[in-house]
Participant: 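Structure incoming, see below.
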Amino acid sequence: MENVFSGKKLGFGLMRLPSLDPEDPSKIDIEQLKTMVDIFMERGFTYFDTAWMYCGFQSEHAVKEALVDRYPRDSYTLATKLHSNFIKEEADRDKVFNEQMNKTGVDYFDYYLIHDINVHSIEIYNKLNVFDWIKEKKAAGLAKHIGFSFHDGPELLDKVLTQHPELEFVQIQLNYLDYDSPAVQSRACYEVCVKHNKPVIIMEPVKGGTLVNLPEIAKDRLAKLGSDLSVASYAVRFAASHDNVKMVLSGMSNIAQLEDNTSYMQDFKPLTDEEREAVKDVVEILNSETMIPCTGCSYCTDGCPQNIAIPKYFSLYNNEMKENPENTKAWTAQKAYYKAIAKDFGKASDCIGCGQCEAICPQHLNIIEYFEVVKERFE
């Protein structure tokens, strides 16, 4: 596997793309995306990561238009995934895979992943023989390399890698806030991958923007380093500094983000000891604040019987607590946004406690409990 992830360590995550409508991620700004792809490729980066349901099921279409139709097949590498939510019987595996090939316009995938293995989804993958199926895709040359993305604890990860040594790489969530988090356990999961000698791909290095939109006290701590590097750079470089990490995915939703990420990852330098100390201080600052550690992946919203805008409300709450922690302001933008969003979506108080959102949440959040604090603040 040493030659599988050759080249630069930054990958283009295609889950949060530039949009023509902030309220509709499926309305992708293709022209801006084409410019971003061009810059990315010109600077020597070649890894693109998408999935069946990203951007309202339109990300794979966008890949075809912005990348596949415009560049030779051997000039880039493309990864996509099969998610348990969209397969009910064995025949669905090929239905999704074949449609993914049609949507992207390729005749093989460089990397194909079993998407989001966790204690619930693995039952579906086992029942539908997905592990044997994905090996067949590799044997047929339709998937050059096979692996999986993972959102669960190190014990299950160790079990999966022990039972399926044929899987060549693992994609995990790792960032400096989650590194020693009891819920996410990034460090422990990374160490399991090292134990099994599996290359690692990193997702959520900036935790859905949380490690970019830092409170001022945390930004000031990084500013003391005296560098002109961006706040995001410390998070991405933290992830990339691990020896077994071969690729760090960044979901870039505009040209400015792409320009920034590629600037410091073109000639990647691991974090210095001084930078690591600063990052540790930022973690202490963030852990001392009241925040909901939602990454905004929106897995929880599909199928919500009350159509509650869960990630939007959690993001508003986090911003509210940064701006107005004592609730002394009668009006804030967050309060206004909450009322506006609630006209088209269910409110936090509309939750019926069915738990489907918690079952699928990659962060294992107690969403129903968090609804109570959101309701108290905004309703």
Participant: Suppose the criterion is side-chain hydrogen bond (donor to acceptor under 3.5 Å, both in side chains): which pairs have a residue in residues 348-360, not counting sequence neighbours?
Facilitator: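 Only Ser349-Glu379 qualify under side-chain hydrogen bond (donor to acceptor under 3.5 Å, both in side chains).
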Participant: Are any of the side-chain heavy atoms of Leu82 and Trp133 separated by less than 4.5 Å?
Facilitator: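 Touching, per the 4.5 Å side-chain cut-off.
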Participant: Indicate yes or no for a side-chain donor-acceptor contact from Arg73 to the backbone of Tyr108 under 3.5 Å, with no hydrogens or angles considered.
Facilitator: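 At least one qualifying donor-acceptor pair exists.
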Participant: Side chains of Leu177 and Pro293: does their closest heavy-atom pair fall under 4.5 Å?
Facilitator: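 Counting from C-beta outward, Leu177 and Pro293 never come under 4.5 Å.
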Participant: Donor-acceptor pair, distance only, cut-off 3.5 Å: does the side chain of Glu320 make one with the backbone of Leu316?
Facilitator: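 Such a contact is absent between Glu320 side chain and Leu316 backbone.
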Participant: So, are Lys137 and Glu166 salt-bridged, with charged N and O less than 4.0 Å apart?
Facilitator: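 No, no charged N to carboxylate O under 4.0 Å.
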Participant: Could you tell me whether the side chain of Lys138 and the main chain of Ile146 form a donor-acceptor pair under 3.5 Å?
Facilitator: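 A pair under 3.5 Å: no.
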Participant: State plainly whether the residues Asp116 and Lys81 are in salt-bridge range, i.e. N to O under 4.0 Å.
Facilitator: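 No, no charged N to carboxylate O under 4.0 Å.
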Participant: Is the count of non-hydrogen atoms from other residues, nucleotides or ligands lying under 6.0 Å from Gln266 atom CD greater than 12?
Facilitator: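 Yes.
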Participant: Considering the options Phe169, Tyr111, Tyr47, which one meets the ring pair (Phe, Tyr, Trp, His ring centres under 6.0 Å) requirement together with His145?
Facilitator: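 That would be Tyr111.
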Participant: Is there a donor-acceptor pair under 3.5 Å between the side chain of Ser186 and the backbone N or O of Gln173?
Facilitator: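 Side chain of Ser186 to backbone of Gln173: a pair is present.
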Participant: For the atom pair NZ (Lys95) and CD (Glu89), what is the distance rounded to the nearest 0.5 Å?
Facilitator: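 So the NZ of Lys95 and the CD of Glu89 are separated by 5.5 Å.
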Participant: Which ring-ring contact (aromatic ring centres under 6.0 Å, His included) pairs, counting each pair once, include a residue from residues 188-228, with sequence neighbours left out?
Facilitator: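 Qualifying pairs, neighbours excluded: Tyr190-His242.
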Participant: Can you tell me which residue among Ile122, Ile117, Asn118 is in a side chain to side chain contact (heavy atoms under 4.5 Å, CB included) with Phe150?
Facilitator: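 For Phe150, the side chain to side chain contact (heavy atoms under 4.5 Å, CB included) check succeeds only for Ile117.
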Participant: With a 4.0 Å cut-off on N to O distance, would you call Lys312 and Glu23 a salt bridge?
Facilitator: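 Between Glu23 and Lys312 there is a salt bridge, with a charged N closer than 4.0 Å to a carboxylate O.
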Participant: Work out which heavy atom in Pro25 is nearest to a heavy atom in Cys55; give both atom names and the distance.
Facilitator: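 Result for this residue pair: O-CB, 3.6 Å.
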Participant: Residues sharing Met203's hydrophobic cluster, by side-chain heavy-atom contacts under 4.5 Å among ILVMFWY, directly or via others?
Facilitator: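 Same cluster as Met203: nobody, lone residue.
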Participant: Scan the side chains in residues 231-238 for donor-acceptor partners under 3.5 Å anywhere in the protein, sequence neighbours excluded, and list what turns up.
Facilitator:
residue, atom, partner, partner atom, Å
Ser233, OG, Ser230, O, 2.6
Arg237, NE, Lys269, O, 2.9
Arg237, NH1, Glu275, OE2, 3.2
Arg237, NH2, Lys269, O, 3.2
Arg237, NH2, Pro270, O, 3.2
Arg237, NH2, Glu275, OE1, 2.8

Participant: Between Ser19 and Asp21, does the side-chain hydrogen bond (donor to acceptor under 3.5 Å, both in side chains) criterion hold? Intermediate values first, please.
Facilitator: CA-CA 5 Å; Ser19 177; Asp21 179 355; 5.8 Å; no
Participant: Grab the two heavy atoms, one from Ser241 and one from Arg276, that are nearest each other, plus how far apart they are.
Facilitator: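 Smallest interatomic distance, heavy atoms only, reads CB-NH2, 3.6 Å.
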Participant: Measure the shortest side-chain to side-chain distance between Tyr54 and Asp49 over non-hydrogen atoms and say whether it is less than 4.5 angstrom.
Facilitator: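 Yes. Closest side-chain heavy atoms under 4.5 Å.
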Participant: With sequence neighbours excluded, tell me which residues meet side chain to side chain donor-acceptor pair (under 3.5 Å) with Asp180.
Facilitator: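 Asp180 satisfies side chain to side chain donor-acceptor pair (under 3.5 Å) with Arg187 once adjacent residues are dropped.
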Participant: Taking the side chain as C-beta and beyond, is there a heavy-atom pair between Leu211 and Val282 under 4.5 Å?
Facilitator: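 They are not in contact (no side-chain heavy atoms under 4.5 Å apart), so the answer is no.
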Participant: Surrounding CG of Asp273 (heavy atoms of other residues, nucleotides or ligands, distance under 6.0 Å), is the total greater than 12?
Facilitator: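 No, CG of Asp273 has 12 or fewer neighbouring heavy atoms, counting only those of other groups under 6.0 Å.
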Participant: Is the CZ atom of Phe86 crowded by more than 12 outside heavy atoms at less than 6.0 Å?
Facilitator: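 Yes, CZ of Phe86 has more than 12 neighbouring heavy atoms, counting only those of other groups under 6.0 Å.
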Participant: Do Asp69 and Lys64 meet the salt-bridge criterion of a basic N to acidic O distance under 4.0 Å?
Facilitator: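 Yes.
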Participant: Determine which pairs satisfy salt bridge (charged side-chain N to carboxylate O under 4.0 Å, His left out) with at least one residue from residues 327-344, sequence neighbours left out, and list them in order.
Facilitator: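 Passing the test, one end in residues 327-344: Glu323-Lys329.
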